[in-house]
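Contents: one structure, followed by commentary.
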Amino acid sequence: MSFFAVGAVASFDDKFLKHILGAILIAISIYFFFISEKIKLKPTLLAQVGLGTLSGIMGGLFAMQGPPSVLYFLASCETKEKYIAHSQVYFALGNLMMTFFRAGNGFVTPAVGIAYGCGIVGVIIGTAIGGKVFKKILHKVLKKIVYVYMAISGVVALCA
């Protein structure tokens, strides 16, 4: 799905896409923040295909494949360690694949390379800090933080 969404993204207005993303993120985060304890998502083939498809579409259109997959992993992984392991592998493979799709469609430019280089510094710092905090945070609290972060990201996208 990412392949097709990346190919279609050039035909959409950037501001329109940001507003759609913002609304989706806010709706998802509010929904899961308040009823996440009631949701017991089983790792069935249907759930995996459905959320994987939605994740691929969001990744291709918005370069943000995370929300559906994060929600799936949070609901289906019993421990925060399993959640982190699953999500790290998923994002590493997904981002690598979408980078090739974007490059094939002309979206990887020298300016993107420079931004990537700057962003990697933030990732290294965030990983170091996050690793220390992760050891101390409860799984239940981690879920709430993810939902609040998603809502904030949605507000930022709507205001952009």
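Worth knowing before you read on, the calculation uses all heavy atoms, side chains too, and leaves out hydrogens, waters and symmetry mates.
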With a 4.5 Å limit on heavy-atom distance, are the side chains of [X] and [Y] in contact?
| X | Y | result |
| --- | --- | --- |
| R102 | V112 | no |
| P43 | Y72 | yes |
| I145 | I137 | yes |

From [X] atom [atom1] to [Y] atom [atom2], the distance as rounded to the nearest 0.5 Å:
| X | Y | atom1 | atom2 | value |
| --- | --- | --- | --- | --- |
| L142 | K140 | CG | NZ | 13.0 Å |
| M58 | T53 | CE | OG1 | 13.0 Å |
| E81 | H86 | CD | NE2 | 12.5 Å |

message = Using a 3.5 Å distance criterion without hydrogens, assess whether the side chain of K80 forms a donor-acceptor pair with backbone atoms of F134.
response = yes
Do you know which two heavy atoms are closest between [X] and [Y], and how far apart they sit?
| X | Y | answer |
| --- | --- | --- |
| V70 | V146 | CG1-CG1, 3.4 Å |
| M150 | S29 | CB-CB, 3.8 Å |
| L51 | P68 | O-CB, 3.7 Å |
| F62 | L17 | CE2-O, 3.1 Å |

Are V155 and F16 connected in the hydrophobic side-chain network, where two residues link if heavy atoms are under 4.5 Å apart? yes
Shared ILVMFWY cluster between F100 and Y90, side chains joined below 4.5 angstrom? no
Discussion item. Around atom CG of L93, are there more than 12 heavy atoms from other residues, nucleotides or ligands closer than 6.0 Å?
Written reply: yes
